[in-house]
2 protein chains.
Amino acid sequence: MDGPAPESYETLRRSIASQRNDLSKRLRLIADYALLDPSAFALRAVAGLAAEIGVAPSAIIRFAQHFGYSGFSEMQNVFRQRLEAAAPSYRDRVHNLEQHGGADATDDMMRRFIDAGIASLKDLQLTISPDKIDEAAGFIADARTVHVLAQKRTFPAAAYLAYNLARLEMPAHLFDGIGGMLEQQSNLMGPDDVVVAISFLPGAQTTADVFSLALDKGARTVAIVDVPRAPYVHADVVFEVVEASVENFRSLTATISLALVLAIRAGTFSAHKSNPQDERQ
Amino acid sequence: MDGPAPESYETLRRSIASQRNDLSKRLRLIADYALLDPSAFALRAVAGLAAEIGVAPSAIIRFAQHFGYSGFSEMQNVFRQRLEAAAPSYRDRVHNLEQHGGADATDDMMRRFIDAGIASLKDLQLTISPDKIDEAAGFIADARTVHVLAQKRTFPAAAYLAYNLARLEMPAHLFDGIGGMLEQQSNLMGPDDVVVAISFLPGAQTTADVFSLALDKGARTVAIVDVPRAPYVHADVVFEVVEASVENFRSLTATISLALVLAIRAGTFSAHKSNPQDERQ
DNA sequence: GTCAATATGGAATAAACATTCCATTCAGAA
DNA sequence: TTCTGAATGGAATGTTTATTCCATATTGAC
């Protein structure tokens with residue numbers, strides 16, 4: 001029973017289920033197993049599956065061909081789709097935006113950047129845990145001073161965080177390193193302070209140096225990174241943010257939004273602290 | 001740096017993250033990709049991964065061996081574990097997300113900011129005309145110097161624009177007004193320059209003052225505002241951007257995205273100008 | 001029970017793939 | 001600069017894995 005081979009997992013699954021009763025004995029064994037444990041079909045090899053199910057390897061190829069595929073490998077790709085969907089891969093979520101890179105009309109580019117920004121925001125919602133935000137916001141609310149630390153492409157996000165903290169009357173200090181004052185500025189950090197660092201690859205060395213210093217001095221530390229790496233992995237709270245990129249320009253929307261939420265949550269906690277009779281609403 | 005090879009995905013990930021900085025150049029490329037897109041490591045073959053990352057196939061084997069595995073295949077099994085673990089719960093996870101919407105305060109707030117950001121981006125796409133972007137980008141590409149001007153809440157967007165212009169090798173100058181140097185900085189503006197101002201209500205007076213000066217000096221002017229008003233309405237190009245706000249905190253996502261598109265378009269025009277025989281690809 | 005059509009297992013083959021090895025390049029020390 | 005050891009790319013090799021093919025077994029019709 002041929003016809004075009006199903007291209008999506010759901011279609012394939014329906015097809016297997018509906019034909020099951022018409023299959024030969026061996027093929028039916030295989031069908032049942034495919035419905036029962038699709039992950040095995042996605043990840044294991046023909047020989048292994050055959051042994052598990054108790055059929056000959058060739059039976060598995062016949063099974064795939066029965067549903068219109070050229071062989072097992074082709075069918076396996078459909079099973080793998082399902083796994084990729086379950087653990088969404090960066091390539092799927094974000095990289096695709098870079099695919100048709102040739103078009104360079106302005107409106108097309110704008111559309112792609114906007115899509116990239118939206119993808120980043122949605123990903124932020126899926127991957128960032130509110131508990132972590134609360135933890136970091138708690139540190140910030142209790143801090144004597146909040147030092148915000150970033151260079152180059154992430155600097156705008158740091159400026160935004162510092163601005164909003166200041167607006168909420170929290171003692172924020174933006175490390176700008178202007179005039180080679182970085183070392184003096186570093187000396188301001190103490191154990192009652194919180195240091196928030198934002199660093200995306202390829203990170204600036206000075207950001208890493210100052211952050212390491214903060215760790216040594218026993219300050220509370222919060223890191224926002226794209227890829228976890230030393231010294232940021234040693235922070236008290238580490239946020240991993242995936243920003244979509246188009247033609248090697250990375251968006252900042254997710255990072256900016258995270259900074260804003262952090263500031264506001266910290267502001268809330270801080271207000272509760274100074275007015276203890278306030279209740280959460 | 002050997003030792004026993006990690007047997008769980010989480011252990012492996014931590015191990016890669018912490019050793020990342022000590023790896024050689026190629027191995028570090030691979031490490032970043034593994035952290036960014038673990039699904040690819042679970043499903044793809046050595047040759048395909050190598051091509052994607054831009055390294056030799058043997059480098060991937062070396063990467064696996066560096067972390068204590070006998071070869072790539074053994075490491076790949078660890079990445080596959082993660083997919084198997086993620087697959088069954090996928091349906092539940094999506095369901096849960098849709099179910100208890102207003103779970104706790106932080107979660108709810110994050111959702112609202114993300115929705116606000118997405119709304120701003122969609123609005124940007126609807127309201128900003130590509131022709132205006134091209135016009136502004138043309139000015140920027142032709143300028144001797146680009147002065148970027150903003151204060152307070154819009155300053156991060158200005159920093160972002162200046163950073164990206166500089167990255168594209170365009171002469172960008174960020175007005176920071178540090179040390180009361182604003183007046184001296186203002187004198188840098190001339191008729192061959194472009195001034196880009198970003199101002200949202202309630203605008204800073206200094207931004208308006210410097211912008212007026214730019215108009216007087218005959219510089220090309222570009223304004224990004226939320227509400228059109230003097231002196232910005234007299235700019236050569238005026239963009240009106242609507243940022244959604246939540247509880248009086250305005251998002252910056254649309255402005256940031258607009259800044260990025262402006263920079264890249266200007267970069268494109270500038271590149272075409274300096275290499276006239278270049279064709280668009 | 002015999003025959004024909006179909007299903008099946010397993011060996012043989014082909015393809016894809018991982019791994020090793022070595023010549024060359026690169027980066028750092030003297 | 002020259003030297004030395006590490007890093008790298010790419011071709012050669014070996015292994016795993018998919019697929020084909022055919023001899024044999026099974027099923028169902030008569």
Side-chain angles (χ1 to χ4, degrees), chain A residues 1-2 5-6 12 16 19-34 37-81 83 202 205, chain B residues 1-3 5-6 12 16 19-34 37-81 83-84:
Chain A
M1 182 82 26
D2 287 24
L12 173 57
I16 294 174
Q19 292 186 44
R20 173 189 183 278
N21 291 333
D22 302 331
L23 296 173
S24 75
K25 204 168 12 164
R26 288 301 136 105
L27 260 42
R28 192 178 308 157
L29 279 176
I30 299 170
D32 289 344
Y33 198 87
D37 190 357
S39 293
F41 269 64
L43 295 179
R44 304 194 51 185
V46 170
L49 278 178
E52 186 100 6
I53 303 174
V55 300
S58 45
I60 306 234
I61 280 73
R62 274 196 287 270
F63 178 79
Q65 288 170 341
H66 174 91
F67 287 96
Y69 301 99
S70 69
F72 175 71
S73 301
E74 203 174 297
M75 185 176 78
Q76 189 173 45
N77 285 333
V78 175
F79 280 100
R80 288 182 169 183
Q81 275 179 28
L83 285 191
Q205 188 59 44
Chain B
M1 186 75 32
D2 289 25
L12 173 56
I16 294 175
Q19 290 188 44
R20 173 190 183 276
N21 289 339
D22 302 330
L23 296 174
S24 74
K25 203 166 17 160
R26 288 303 137 103
L27 260 41
R28 192 178 308 157
L29 280 176
I30 299 170
D32 290 343
Y33 199 87
D37 191 357
S39 294
F41 268 63
L43 295 179
R44 304 195 51 186
V46 169
L49 278 178
E52 184 99 8
I53 302 174
V55 301
S58 44
I60 304 224
I61 312 296
R62 274 195 287 270
F63 178 77
Q65 288 170 341
H66 175 92
F67 287 96
Y69 302 99
S70 68
F72 174 71
S73 302
E74 201 174 299
M75 186 177 78
Q76 190 173 47
N77 286 333
V78 176
F79 279 100
R80 289 184 167 181
Q81 275 179 28
L83 285 189
E84 286 211 73

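The figures that follow rest on heavy atoms only: side chains count, while hydrogens, waters and symmetry mates do not. Letters A, B, ... are given to chains in the order of the sequence lines, protein chains preceding strands, and every chain is numbered from 1.
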Per side chain to side chain contact (heavy atoms under 4.5 Å, CB included), B/Ile53 is matched among B/Ile60, B/Asp32, B/Asp37 by B/Ile60
Considering only heavy side-chain atoms of B/Leu27, the closest of D/dT17, C/dT8, D/dT8 is D/dT8
Figure out the CD1/P separation between A/Ile30 and C/dA7, and round it to whole Å. 13 Å
Measure from the side chain of A/Phe72, starting at C-beta and using heavy atoms only, and say which of D/dT17, D/dT8, D/dT19 lies closest. D/dT19
Interatomic distance where CG belongs to B/Leu29 and C1' belongs to D/dA7 [whole Å]: 13 Å
Tell me what A/Ala59 touches on the nucleic acid: a base, only sugar-phosphate, or nothing, going by heavy atoms under 4.0 Å. nothing
Relative to the ring of B/Phe79, is the ring of B/Phe41 parallel (under 30°), tilted (30 to 60°) or perpendicular (over 60°)? tilted
Drop me the distance from B/Arg80's CZ to A/Ser39's OG, to the nearest 0.5 angstrom. 11.5 Å
Taking OP1 and OP2 of C/dC26, is either one under 4.0 Å from a side-chain nitrogen or oxygen of B/Lys25? no
Heavy atoms from C-beta onward define the side chain here; which of C/dC21, D/dT19, C/dC17 lies closest to that of B/Arg62? C/dC21
Using whole Å, report how far CZ of A/Phe41 lies from P of D/dA18. 12 Å
For B/Leu23 and B/His66, the nearest pair of non-hydrogen atoms, with its separation, is CD2-NE2, 3.4 Å
Comparing A/Val46 with B/Val55, nearest DNA chain D nucleotide closer to 5' gives the residue B/Val55
Let me know the distance between OH of B/Tyr69 and P of C/dA18, rounded to the nearest Å. 16 Å
Tell me whether B/Gln65 contacts the main-chain N or O of B/Gly71 through its side chain, where contact means a donor paired with an acceptor under 3.5 Å. no
Please state how far atom CD in B/Glu74 lies from atom P in D/dT15, giving the value in whole angstrom units. 17 Å
Quick one: is A/Ser24 getting a side-chain N or O under 4.0 Å of the C/dT6 phosphate, OP1 or OP2? no
Counting only side-chain N and O atoms of B/Ser73, is one of them less than 4.0 Å from OP1 or OP2 of D/dT16? no
Using only side-chain N and O atoms of A/Ser58, determine if any of them is under 4.0 Å from OP1 or OP2 of D/dC21. no
Spacing of B/Leu49 atom CG relative to C/dT19 atom P, expressed in whole Å: 12 Å
Which nucleotide in D/dA18, D/dG10, C/dA27 has an atom nearest any side-chain atom of A/Ile61: D/dA18
Rounded distance (Å) that lies between atom P of C/dA18 and atom CD of B/Gln76: 7 Å
Any side-chain N or O of B/Gln65 under 4.0 Å from OP1/OP2 of C/dT20? yes
Can you measure B/Arg28 atom CZ to D/dA7 atom C1' for me and round it to whole angstrom units? 13 Å
